[in-house]
Amino acid sequence: MAWSTSNRKSQLPPDWPQRCKFVLERDGYRCQHIRTDTERKCNAYANQCDHKDQTRSWDHSPANLQALCEYHHGVKSSSEGGRAAAARRKAARKRRHPGLLP
Ligand SMILES: [Zn+2]
């Protein structure tokens, strides 16, 4: 599992598995991702639990959680990683290379 290289799991509450189960059952084990092409729910079998609002990733209440299929959970996770990498690159650009100083 990719989790082993991530510290993300440690940020989750101890009762995360129970919260996940609640959310998956509430959403009927169907992926809640809205497809951009059809603007309808993906509806594939969901076994992943995801934060709806990534800016509130500390909010583990069921209102901020949704069921996702493995595919869309993977897509979302990788784009979050991409944004973090972009932010790191942006921060790195602010540091001037010593060779460019007058
Ligand atoms: Zn899906």
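Remember, it's 1-based here, ligands and their atoms both numbered in the order they're listed.
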Determine, stepwise, if the pair His51 / Arg56 fulfils side-chain contact (heavy atoms from CB on, under 4.5 Å). CA-CA 8 Å; His51 294 88; Arg56 291 160 56 84; over 6 Å; no
Heavy-atom distance under 4.5 Å between the side chains of Pro13 and Arg19, does that happen here? yes
Can you check whether Leu12 reaches His60 side chain to side chain, under 4.5 Å on heavy atoms? yes
Could you please tell me which protein N, O or S atoms lie under 2.8 Å from the Zn ion (ligand 1)?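 Cys31 SG, Cys42 SG, Cys69 SG, His72 ND1, with waters left out.
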Could you please spell out the steps behind the side-chain contact (heavy atoms from CB on, under 4.5 Å) verdict for Trp58 and Asn64? CA-CA 10 Å; Trp58 42 263; Asn64 193 38; over 6 Å; no
Listed pairs under 3.5 Å, donor-acceptor, residues 39-46 side chains, sequence neighbours left out:
| unit_1 | atom_1 | unit_2 | atom_2 | d |
| --- | --- | --- | --- | --- |
| Lys41 | NZ | Gln32 | OE1 | 2.9 |

Could you state the interatomic distance from SG (Cys49) to CG (Leu24), rounded to the nearest 0.5 Å? 5.5 Å
